[in-house]
Amino acid sequence: MASGLDRKSGASPLKLLVANRGEIAVRILRACREMGLGTVAVYSDIDRDALHVRYADEAYPIGPAAAADSYLRIDRLIEVARRSGARFVHPGYGFLAENPAFARACRDAGLIFVGPPAEAMEAMGDKVAARERMRAAGVPVLEGSREVPDDEAAVARLAEQVGYPVLLKAAAGGGGRGMRVVRDRASLPSLLAQARGEAQAAFGDSRVFLERYLEGPRHIEVQILADAQGRTIHLGERECSIQRRHQKLIEESPSPVVDEATRGRIGELAVRAARAVGYAGAGTVEFLRDRTGEFYFMEMNTRLQVEHPVTEVVYGVDLVKAQIRIAAGEPLPWTQEALVARGHAIECRILAEDPARGFMPCPGTIQRLRVSAGPGIRDDSGIYPGCRVPLEYDPLLAKLIAWGADREEARRRMIRALEEYRVEGVPTTIPFHRRVMDHPAFARGEFDTGFVERYPELARPPEEDDTLGMLAVLAAAIAHHRRLEERALQPPRTGRDRRSRWKWGPGEAWP
């Protein structure tokens, strides 16, 4: 069977346009280069010198810095695809990745959209309708309501029926936006207004619904792949419970609390969920695990996830290439039995944020950069020395992934890699990640979605006036001074000095 990737020998390479920016655009461009595909990047005015622009074969401007005037302009993206001769369009994640109108516009323009059908996006995009579909498919769903009415008293009655605490959730989107925990009747009016307002701002739809709120759950998701021929498989689970304000910070695969039998059970639930909406492509079915070990469907992300690399390194599957091949009409080359997890992987999202100031975004210019390397380390980055980190977009700079034969080796490798990683010019979450990796509860795998709030000291730097720390600095300074004195008293060296002058210190090699 011929696929959309087939071409005659000597013909010009097929092209793929990446309708995104930052590290995910670079990640997709790299996969295309390995596949022999030509690459097309797009950029806003502020991204003219971004890494993805430099890496692509071709790059085209699409408008001002504001995403609404550039990366969210479907008409401009389609026009660039036509002008460049691109046949494929990959949306990455964020922006238009889960927008069915974009998928349809690509199809209507004769382009191949690297993602699921628009109909599958719509089925899972409406969270209320998705819950009903999952319940009908036999996938466990938390007790809740359909979209709540405008009448506040009616909403209060629904909340009483579900039982406090309840969770208000946006009906038209996810990602933590439009979510509020309501613990009693008195706080319902203000939190309902907040949830509706945030949902309207984020998704252009103020509808919300109620769901039973789980105290201290674990956020565990399952990666699936489905082809156009009807085969659907899963690639195990990812643990995503280290988060703040419902935004993920650290992910790992496999989960410390999922055994082989449970993996098979939730994997089958994820496959069932995907089949229920006629899914094709890469997707993620997200679950909440309560304290008794029961799993409940939360939502499905109809796109590539930020944390996809941990699955890639554990299962040895390139998910971006798989997406492109599925979009081109090729069948999945794997059976479920052939997919076996190997080792353990942890990912830390390196963000231009200041954890000590409530994870406030910190735009600026990357002055100096040194990335980690060595066995088991992968760095998915969208930055370079001298590049600008704009305020207009998500502050994600890079994703650092550590793989090990087991979880403890992966954790220790991540500690080593975080110590090596240096970004100068903007505050980052690297110090926060170091403290989490060192925390005894994380090392034991004992955490849930409330972990960061439970240990607020993780976001704060150590006290600078610590006595022992000051004594250590003073002792190091005295020792360094003595070494300089001893060196000055030694006679000049003759011949070639074969000792390395490089060390971790000021100068070209910096700490």
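Note that these values count all heavy atoms, side chains included, but never hydrogens, waters or copies made by symmetry.
Rounding to the nearest 0.5 Å gives a distance of 10.5 Å between CD1 of Ile346 and CD of Glu409. Between atom CD of residue Glu215 and atom OG1 of residue Thr449 there is a gap of 9.0 Å, rounded to the nearest 0.5 Å. Going from atom CD1 of Ile62 over to atom CG of Asp45 covers 9.5 Å, rounded to the nearest 0.5 Å. The distance from the CZ atom of Arg30 to the NZ atom of Lys321 is 12.5 Å, given to the nearest 0.5 Å. Here CD of Glu239 is found 11.0 Å from CD1 of Ile250. Values are rounded to the nearest 0.5 Å. Asp380 CG to His308 NE2: the interatomic distance, rounded to the nearest 0.5 Å, is 6.0 Å.
Relative orientation of the Phe287 and Phe297 rings is perpendicular, given thresholds of 30° and 60° on the angle between their planes.
Between Glu211 and Arg131, at least one side-chain nitrogen of the basic residue sits less than 4.0 Å from a carboxylate oxygen of the acidic one, meeting the salt-bridge criterion. Arg412 and Asp406 are not joined by a salt bridge, as no carboxylate oxygen comes within less than 4.0 angstrom of a charged side-chain nitrogen. Salt bridge Arg349/Glu307: present, at least one basic N to carboxylate O contact under 4.0 Å. A salt bridge is absent between Glu147 and Lys127: the closest approach of a Lys/Arg side-chain nitrogen to an acidic carboxylate oxygen does not fall below 4.0 angstrom. Using a 4.0 Å cut-off between a side-chain N of Lys or Arg and a carboxylate O of Asp or Glu, Arg411 and Glu408 qualify as a salt bridge. Arg378 and Glu347 are not joined by a salt bridge, as no carboxylate oxygen comes within less than 4.0 angstrom of a charged side-chain nitrogen. A salt bridge links Arg244 and Glu353; the closest N-O separation between the charged side-chain nitrogens and carboxylate oxygens is under 4.0 Å.
In this structure the side chain of Cys387 never reaches within 4.5 angstrom of the side chain of Leu51, judged on heavy atoms. Counting heavy atoms from C-beta outward, Met437 and Phe442 have side chains that approach closer than 4.5 Å. For the pair Tyr421/Thr428, no side-chain contact is recorded, criterion being any heavy-atom separation below 4.5 Å from C-beta on. Contact annotation: the side chain of Glu252 never approaches that of Met414 to less than 4.5 Å [non-hydrogen atoms, C-beta and beyond]. Two residues are said to be in side-chain contact when any heavy atoms from C-beta on lie closer than 4.5 Å; Thr302 and Tyr279 meet this criterion.
Formation of a donor-acceptor pair under 3.5 Å by the Arg303 side chain with backbone atoms of Pro116 is not found in this model. Between the side chain of Arg76 and the backbone N or O of Asp69 there is at least one donor-acceptor pair closer than 3.5 Å.
A donor-acceptor contact closer than 3.5 angstrom links the side chains of Tyr60 and Glu58.
No more than 12 heavy atoms of other residues, nucleotides or ligands lie within 6.0 Å of CZ in Arg342, so this atom counts as exposed by the packing criterion. Atom CZ of Arg33 sits in a crowded spot, with more than 12 heavy atoms from other residues, nucleotides or ligands closer than 6.0 Å. Within a 6.0 Å radius of CZ in Arg388, no more than 12 heavy atoms belonging to other residues, nucleotides or ligands are found.
Taking every heavy atom of both residues into account, Tyr43 and Val53 meet most closely at CB-CG2, 3.5 Å. Heavy atoms only, all atoms of each residue included: Val139 and Arg272 are closest at CG2-CD, 4.3 Å. Between Val310 and Glu251, the shortest heavy-atom distance links the atoms CG1-O, 4.1 Å. Closest of all the heavy-atom pairs between Leu5 and Ala328 is CG-CB, 3.7 Å. Between Met134 and Ala273, the shortest heavy-atom contact is SD-CB, 3.3 Å. Across Leu225 and Trp334, no two heavy atoms sit closer than the pair CD1-CZ3, 3.8 Å.
Within the structure, the salt bridge (charged side-chain N to carboxylate O under 4.0 Å, His left out) test picks out the following pairs touching residues 220-238 (sequence neighbours left out): Glu221-Arg238, Glu221-Lys248, Glu237-Arg263.
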Before giving the answer on side-chain contact (heavy atoms from CB on, under 4.5 Å), spell out for Val320 and Arg27 the whole-Å C-alpha distance, their side-chain angles and the decisive distance to 0.1 Å.
CA-CA 8 Å; Val320 175; Arg27 165 72 184 92; 3.6 Å; yes
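Aromatic ring centres of His439 and Phe447 lie farther apart than the 6.0 Å criterion allows. Ring centroid separation for the pair Phe95 and Phe102 does not come in under the 6.0 Å cut-off.
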